[in-house]
Each structure stands twice: as C-alpha cells, then as structure tokens.
Number of protein chains: 2
Amino acid sequence: MPVPLYQAKADFFRTLGHPVRVRVLELLQHGPLPVRDLLAGIDVEASNLSQQLAVLRRAGIVTSTREGSTVVYALSSNDVADLLRAARRILTDMIAGQGELLAELREAEHTRPG
Amino acid sequence: MPVPLYQAKADFFRTLGHPVRVRVLELLQHGPLPVRDLLAGIDVEASNLSQQLAVLRRAGIVTSTREGSTVVYALSSNDVADLLRAARRILTDMIAGQGELLAELREAEHTRPG
DNA sequence: GATGGACTTGAAGAAGTTTTCAATTGGCTA
DNA sequence: TAGCCAATTGAAAACTTCTTCAAGTCCATC
C-alpha cells in the first residue's frame with residue numbers, strides 16, 4: 001500500500017516550508033551550484049545551511065555530487081521551477097486581493113452607512 | 001519594507017504542509033463546499049478540521065461565508081489548482097526516479113564487480 | 001426563550017522542527 | 001603526514017505546530 005498522495009504532497013510542501021530551503025531552490029533554478037555559492041547567496045551559517053540541504057536531499061528534491069574539495073547541488077526535477085512560479089502567482093494574487101480589500105475598507109470610511 | 005518573497009513563499013508552503021489541509025484544497029478545487037461535505041470527505045474530527053480550516057483562512061488561501069446554519073468554504077485563488085498539479089508532477093517524477101534507482105540497484109546484484 | 005445542530009475557539013500537553021556548537025570527514029597542498 | 005579549507009554530522013535546547021477536549025457562538029425550529 002503506497003503512502004496516500006495527499007500525505008506525500010503534505011510532506012513535500014512541509015519540506016519547502018523554510019526560508020533557507022526556498023532560497024536554495026530559487027538559486028538552483030538556473031543550474032547546479034557549489035555550496036560555497038549557495039552560502040554566498042544566503043544569509044546563514046554554514047552548518048545551518050548544511051542542515052537545510054540535508055532536509056532537501058533526504059526528501060529527494062536536490063542531489064549533491066562531490067567535485068574535488070567542493071560539493072555541487074542540483075535540482076532533481078526541472079518541474080521545481082514550475083512549482084515556484086505557481087507559488088509566486090498565488091502569492092501575487094493574494095497580495096493583490098488584500099490590496100483590493102484595503103481599498104474597499106478605505107472607501108467604506110468615506111461612505112459609511114448610518 | 002515588505003516581507004521578503006522567499007519568506008512569504010516559505011510561510012505559504014508551510015501552510016500547505018499538512019495532510020488535512022492538502023485534502024481540503026483538493027476537495028475545493030472543483031468548487032466551494034460546505035464544511036459538512038469536507039468532513040464527509042476527510043477522516044478527521046470536526047474540531048480538528050476547524051483548526052486546519054482556520055490555518056488556511058488566516059493564510060488567506062481559502063475564504064468562508066456563512067449560509068444559514070452552514071458555512072461554505074472556497075479557494076481564494078484559482079491558481080491553487082495549478083500549484084497542486086505542479087506538485088503532483090514533481091512527486092510523480094521523483095517516484096519514477098526512485099523506481100529507476102531501484103532498477104539499477106537490482107541490476108547491480110546480477111552484475112556485481114569483483 | 002429553550003433546545004439542537006453546525007461549526008469554531010481556547011488551552012494544555014504531546015510531538016515535531018529549528019538553531020547552535022563542538023566534533024568530524026574528505027580532499028588538497030606544503 | 002601535518003595542516004588547512006570545505007562541508008557535514010550529532011546532540012541539546014529553544015521554539016513551533018498538532019491533537020484533543022471542553023466550552024462557546026450562531027442560527028433555526030419548537
């Protein structure tokens with residue numbers, strides 16, 4: 001019996017639910033990078049980054065290969081970029097929606113009932 | 001100063017990172033539903049479902065409207081369906097990748113080096 | 001205005017995640 | 001092979017989220 005798909009999805013989303021991990025995936029969208037470069041692009045301690053990379057590796061979302069004395073990370077699936085794009089669209093929508101709500105509220109101040 | 005986008009994305013993914021919440025979004029993909037119907041489609045206590053619905057509401061991912069004595073939930077953005085589709089693609093890829101890995105391992109048993 | 005059904009809330013303990021730091025591994029070069 | 005740099009690991013403390021249960025609100029109907 002396989003893990004139900006909604007459970008697998010939940011685990012997957014939970015894995016993405018950390019700012020450092022999202023940042024790593026954004027940086028890897030354009031191609032593989034050594035840890036050194038990830039470290040340069042994210043404001044975090046090396047050991048903390050390693051912990052977060054381990055979470056992504058265990059989930060199978062990224063792969064790592066040693067090249068001499070450095071380690072290079074890459075996305076396991078190119079679809080990760082699609083997912084991040086979809087997330088951006090939703091967040092943009094939601095923020096726009098909040099903007100409208102705010103505008104309505106402001107308007108209500110001028111046209112209050114009573 | 002806005003919340004950085006990667007932080008907003010992480011919060012958003014964390015919000016999706018629970019099996020009941022994923023199931024709710026899947027059920028709402030085809031249109032709004034009353035709590036009663038969500039409850040019928042998810043194996044969870046009413047009060048637990050309410051807690052999870054509250055998480056989705058606070059995050060702005062769903063909206064609720066009271067209709068008489070029942071409460072109806074709906075997705076705030078239609079893009080949520082795209083996101084779930086992208087997640088399904090990635091998971092399918094990853095499982096297929098694992099299948100290949102497994103096949104390679106099995107093959108290695110027959111052609112072992114030495 | 002009392003009763004019942006539908007849903008939500010508050011709060012407390014259990015369970016899980018994150019951060020941090022010291023210790024460790026692997027590879028390169030003197 | 002000693003020393004160094006890059007990255008990882010293990011473990012404990014701090015923090016967050018999840019589950020559960022009792023109590024609460026809101027509406028409809030009697």
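Just so it is clear, the values below take in all heavy atoms, side chains as well, and ignore hydrogens, waters and symmetry mates. Naming: A, B, ... by sequence-line order, numbering from 1 per chain.
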Under 3.5 Å, N/O pairs linking protein and nucleotides 13-17 of chain D:
{"unit_1": "D/dT17", "atom_1": "OP1", "unit_2": "B/Arg14", "atom_2": "NH1", "d": "3.1"}

Enumerate the protein-to-nucleotides 7-14 of chain C contacts in which both atoms are nitrogen or oxygen and the separation is below 3.5 Å.
{"unit_1": "C/dC7", "atom_1": "OP1", "unit_2": "B/Arg36", "atom_2": "N", "d": "3.3"}
{"unit_1": "C/dC7", "atom_1": "OP2", "unit_2": "B/Arg36", "atom_2": "N", "d": "3.3"}
{"unit_1": "C/dT8", "atom_1": "OP1", "unit_2": "B/Tyr73", "atom_2": "OH", "d": "2.6"}
{"unit_1": "C/dT8", "atom_1": "OP2", "unit_2": "B/Ser50", "atom_2": "OG", "d": "2.5"}
{"unit_1": "C/dT8", "atom_1": "O5'", "unit_2": "B/Ser50", "atom_2": "OG", "d": "3.4"}
{"unit_1": "C/dG10", "atom_1": "O6", "unit_2": "B/Gln51", "atom_2": "NE2", "d": "2.6"}
{"unit_1": "C/dA11", "atom_1": "N6", "unit_2": "B/Gln51", "atom_2": "NE2", "d": "3.3"}

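The side chain to side chain donor-acceptor pair (under 3.5 Å) test with A/Asn48 singles out one residue from A/Gln52, A/Glu45, A/Gln51, and that residue is A/Gln52.
The CG atom of B/Leu83 lies 12.5 Å from the CZ atom of A/Arg88; values are rounded to the nearest 0.5 Å. Of the inter-residue distances, the one linking A/Tyr73 atom OH with A/Leu27 atom CG reads 14.0 Å to the nearest 0.5 angstrom. Between B/Leu25 atom CG and A/Tyr6 atom OH the span is 14.0 Å, to the nearest 0.5 Å. Atom CD1 of A/Ile61 is separated from atom CZ of A/Arg57 by 12.5 Å, given to the nearest 0.5 angstrom. Residue B/Leu75 holds its CG atom at 8.0 Å from OG1 of B/Thr63, rounded to the nearest 0.5 Å.
A continuous path of Ile, Leu, Val, Met, Phe, Trp and Tyr side chains, each step under 4.5 Å between heavy atoms, connects A/Val80 with A/Val24, placing both in one hydrophobic cluster.
Of the possible polar contacts, one joining the A/Ser76 side chain to the A/Gly60 backbone as a donor-acceptor pair under 3.5 Å is found.
Judged by closest nucleotide on DNA chain C, A/Val20 is the one of A/Val20 and A/Gly68 placed further toward the 5' end.
Atom CZ of A/Arg58 and atom C1' of D/dT9 are 10 Å apart (whole Å). Going from atom CD of A/Glu45 over to atom P of C/dA22 covers 11 Å, rounded to whole Å. For A/Leu56 and D/dA7, the CG to P distance is 16 Å, given to the nearest whole Å. The nearest whole Å value for the distance from the CG atom in B/Asp43 to the P atom in D/dT20 is 11 Å.
Residue B/Gln52 has a polar side-chain atom (N or O) positioned under 4.0 Å from OP1 or OP2 of D/dT19.
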